[in-house]
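In listed order, ligands and their atoms are each counted from 1.
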Amino acid sequence: MAAKTAVVAIGGNSLIKDKFHQSVRDQYIAAKETCDHLVSMVSDGWRLAVVHGNGPQVGFIMRRSELSAHELHEVPMDACGADTQGALGYALQQNFQNEFRRFKIEANAVTVVTQMEVDGADPAFGNPSKPIGSFMEEEKAKERAEKDGWAVKEDSGRGWRRVVPSPRPLRIVEESAIRRLLDDGFVVICAGGGGIPVRKDADGLLEGVAAVIDKDLAAALLATRLGADLFVISTAVEQVALNYGKPDQRWLDSLSLSEAKRLLAEGKHFAAGSMAPKIQAVVEYLERGGKEALITSPEALERAMAGETGTWIRP
Ligand code: ADP
Ligand code: MG
């Protein structure tokens, strides 16, 4: 029987546990915990492509860049994407390799620096919406807007942040390499942070753009392109809830595609910028012929794969 393929999108909590554990070493330890949970899928015979987030890490690089601007060049956003894909990919692939050795599993892991093509005419470029970088006081935010032309917005009561465009992911430039590595038995860490956004210039040549691609939408595209049997979104909650955070909150064991679309359209259940893009990503994957999707936490993954928890979404 041919091995099944899963695309697993891992969220911020797989790398940063809390604000007291943000160092490179702390992120490495957090990555190890998530790898521990994913290794059980590999030993069960799953071929895995892993897509990680990179929001806070891009923020750290930008802050360093900001603080040292009197002495060093600034780091453009596409280079921040590449830097974090490399550094986080390193932490993940080394942890996978060590776990495979510890559990005597015949497997290997590798990271692919991945570019994601977007449309230069995507309407997102006219409406920057994705918060990045450090939180700022309102006064500071308005100053940067004036001085550096930043678009800034208040972010869910937590403070002010810079916002950049979030165009739709259209084409995974390194898709064929990812496919071959999976065929060769590698766990492939790719499209980190949603991929480095690139567009084609007038001559058809690729160039980086200052934007952020939603990692869940990017992972959904990857899942479609690979014909994945399963799309997993691993995040900070074990299940998706209706009326999340309200007294009548209800955890969901399963959802049909049509229910998911209806609830998403109602607009009140899934927070914009967190759960809504995940449900949207799952809907897109299933509408393009995907088989099933699971939203759960790294800690609950084994139990979810055994059918005991998580939120399962099927056509
Ligand atoms: P990630 O880094 O994994 O992308 P996000 O913070 O972007 O994480 O999204 C996951 C978060 O979405 C959860 O931790 C939870 O706080 C929030 N959330 C919003 N709406 C819901 C909902 N309806 N059910 C469960 N969690 C929700
Ligand atoms: Mg998110």
Presence of salt bridge, Asp36 and Lys32, under 4.0 angstrom:
yes

Next on the checklist: Quiz question: by atom type and distance under 3.5 Å, do the side chains of Arg303 and Thr309 form a donor-acceptor pair?
Outcome noted: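 Side chains of Arg303 and Thr309: no pair found under 3.5 Å.
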
For Tyr28 and Gln94, the nearest pair of non-hydrogen atoms, with its separation, is OH-OE1, 2.7 Å

> In chain order, what residues pass the side chain to side chain donor-acceptor pair (under 3.5 Å) check against Thr114, with sequence neighbours excluded?
Replying inline: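 Once residues adjacent in sequence are excluded, Thr114 has no partner under the side chain to side chain donor-acceptor pair (under 3.5 Å) criterion.
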
Close residues (non-hydrogen atom under 4.0 angstrom from ligand 1) work out to Gly11, Gly12, Lys215, Thr235, Ala236, Val237, Gln239, Val240, Ala241, Tyr244, His269, Phe270, Ala271, Gly273, Ser274, Met275, Lys278

- prompt: What pairs with Asp214 under salt bridge (Lys or Arg N to Asp or Glu O under 4.0 Å), at least two apart in sequence or on another chain?
  reply: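 Once residues adjacent in sequence are excluded, Asp214 has no partner under the salt bridge (Lys or Arg N to Asp or Glu O under 4.0 Å) criterion.
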
Set of residues satisfying side-chain contact (heavy atoms from CB on, under 4.5 Å) with respect to Ala271, sequence neighbours excluded: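 Checked Ala271 against side-chain contact (heavy atoms from CB on, under 4.5 Å); matches are Ser274.
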
